[in-house]
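Data first, discussion second: the structure below is written as C-alpha cells.
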Amino acid sequence: MKSIPPLLEMIGQLIAIPSVSSTQAQFDTSNKPMIDCLATWLDDLGFQTEIVPSSKEKYNLLAWIGEGEDGLVLSGHTDTVNFDQTGWNTDPFRAQQVENRLYGLGTADMKSFLAIAIEAAKEFIDKNLEQRLTIVATADEESTMQGVRTLAEKNRKPGRFCVIGEPTSLTPVRQHKGVFMESITLYGKAGHSSNPALGNNALEGMRVVLNELDKFKRELAEKYTNHDFIVPIPTLNLGHIHGGDNPNRICAECELHVDLRLLPGMQIDTLRDELHERITQKTGPLGLTCQFKALFDGVPAFETAGDSKIVELTSRYTGKKPKSVTFATEAPFFNSMGMETVVLGPGSIDQAHQPNEFIALSSLEPTIKLLQKIIGSICMQK
Ligand SMILES: [Zn+2]
C-alpha cells in the first residue's frame, strides 16, 4: 500500500482541477483529470478501480475493496457548476483556509466529500470486510446527470446501500421532489388582424392551454400531498412564453415553457403523458397543431423508506431525524438500481453554487468518524 496525501492536501488537489459541467458547451470541461487523480489515490491504497465512460470526455469511477453484495457505496459527483470570478474574494481553484473555513469552488458541493470518503475508507484497507465498500465518483451531476444515468442504464449496481455526500449539514435526507420541464408550442395560421377568419390564432389557443394547465395543477394538488415537504403539493410553474410578432398580424405560433415538480410516488412519464393528452384534447378542436418537447430529461422524485436500514443507521449516528430537501440529486437513480440511499454530507447547500463557496473545517473530522461508523455497521457484518 502506497501512501496518499493528507486530507487537506487531497481536497486542495481536487479543488485545483477544473471540472465544470454545463449545458452550455463553452463552459463544459472534461472530468477526466479529476477521475484520474481519484483513481491513482485509490489504486495506491489497494482498491480495485474501474473507469466507466459516461459521455464524450466524461467518466465515472468505481473503486472497491471486499466482496459481499450487500455493501455500502459512498458516492459523490466530480463536477462543479460554472463560476463568476468577479464575485470571488479568492481564487476559486485554490483551496484557501480563513479561520475555520476552507474556501474554493467545490469545497461544499462536493469535492471535499470525495477526499473525506477516501480518508474514512483508509481505516478498512487491512480489515476483512464481510461486505464490499465502494467509492463512486460520477460525471455531469450539475448538468445532465448523465454519469449516474449511465450507471443505471448499464445496471451497474455497486452495492445495497448508498450515502451520497451532497451538502446537507450532516442531516440524513431520504426524500426530494422530482422535476421535468416541457416546451409546448401551438401552431396556427397568420393573417391580417382585421378579419379573424383569415387565420387561426395560436395566442388565443394558448389561453385555452393556460386554463387547462391551471385546472391540471389544482387537480394534482388535491390528489397528492406530502407534509414532509415545505411545499407539500406538486407544483406547476409557467416560466416562459413567446408568441406572435405584430399587433396587426394573427399570431401563427406561440411557445410556452413549464416546470413540474413531483412528489415521491408520482412518475414523470405518466404525468408527461397526461399533460400531453389534456392539452391536445383542448387544442385539437381549435384546429391548432401542438408540439411538445422535453427541455431536459427530468429527475425522478426520490424516496427511501423511513424504516430502511440506511435511514435508521444514519439518523441514529447523527442524532437527527431524516428530512426532505428541495434540491434534486442522483439518489433516485441509485434507488432505481434497487439500492437504499440517503443523501448525507458535510457543508451547507446555502454555500453551494455561490461565489466564496466554503466548508467549515470543523465538519471534516466528524464526517470521517460518521462514515467509519456507517462502514463498520454495514461492511463488517455478515
Ligand atoms: Zn452537488
Side-chain angles (χ1 to χ4, degrees), residues 10-11 14-15 17-24 27-29 31 34-35 38 54-55 58-61 73-84 92-93 95 102-118 135-152 162-179 261 296-302 304 314 323-335 341-360 363-364 367 371:
M10 279 199 283
I11 297 176
L14 296 179
I15 300 298
I17 303 172
S19 57
V20 170
S21 74
S22 173
T23 48
Q24 294 168 275
F27 301 122
D28 197 52
T29 52
N31 71 335
M34 265 287 284
I35 290 286
L38 293 164
S54 154
S55 55
K58 305 283 186 152
Y59 301 86
N60 299 311
L61 173 69
V73 174
L74 304 175
S75 182
H77 58 81
T78 54
D79 57 326
T80 68
V81 288
N82 194 22
F83 62 100
D84 176 11
F93 294 107
L102 188 68
Y103 287 90
L105 180 65
T107 44
D109 187 14
M110 57 177 293
K111 292 181 173 182
S112 300
F113 179 80
L114 287 166
I116 290 170
I118 294 173
I135 293 179
V136 172
T138 60
D140 283 333
E141 192 271 350
E142 300 288 6
S143 51
T144 57
M145 299 212 181
Q146 191 51 52
V148 73
R149 285 182 206 274
T150 302
L151 295 179
C162 181
V163 173
I164 301 178
E166 292 278 3
T168 67
S169 307
L170 288 184
T171 302
V173 166
R174 67 171 191 91
Q175 296 184 95
H176 65 61
K177 285 186 179 178
V179 58
R261 306 224 164 215
F296 85 120
D297 282 341
V299 178
F302 155 62
T304 297
T314 51
K323 63 168 194 173
S324 60
V325 288
T326 48
F327 54 93
T329 72
E330 295 170 320
F333 299 98
F334 283 103
N335 276 11
T341 305
V342 292
V343 184
L344 169 68
S348 163
I349 196 71
D350 298 346
Q351 268 80 56
H353 303 194
Q354 302 283 337
N356 304 314
E357 178 180 348
F358 70 85
I359 192 164
S363 67
L364 306 184
T367 309
L371 292 182

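Heavy-atom basis, side chains included; hydrogens, waters and symmetry copies ignored. Just follow the structure's listing: the first ligand is 1, and inside any ligand the first atom is 1.
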Can you tell whether the side chains of Arg149 and Asp140 come within less than 4.0 Å, N to carboxylate O? no
Of all N, O or S atoms in Glu166, identify the one at the shortest distance from the Zn ion (ligand 1). OE1
Those residues that, when tested against Thr80, pass side-chain hydrogen bond (donor to acceptor under 3.5 Å, both in side chains) (two or more places apart): none
Quick note, salt bridge (Lys or Arg N to Asp or Glu O under 4.0 Å) partners involving residues 164-178, not counting sequence neighbours, are Arg174-Asp228, Arg174-Glu303
Is the distance from the Zn ion (ligand 1) to the nearest N/O/S atom of Glu141 under 2.8 Å? no
Atom nearest to the Zn ion (ligand 1) - Asp109, N, O or S atoms considered: OD1
To the nearest 0.5 Å, atom CD1 of Ile164 lies from atom CD of Glu330 at 6.0 Å
Any N/O/S of Glu142 under 2.8 Å from the Zn ion (ligand 1)? no
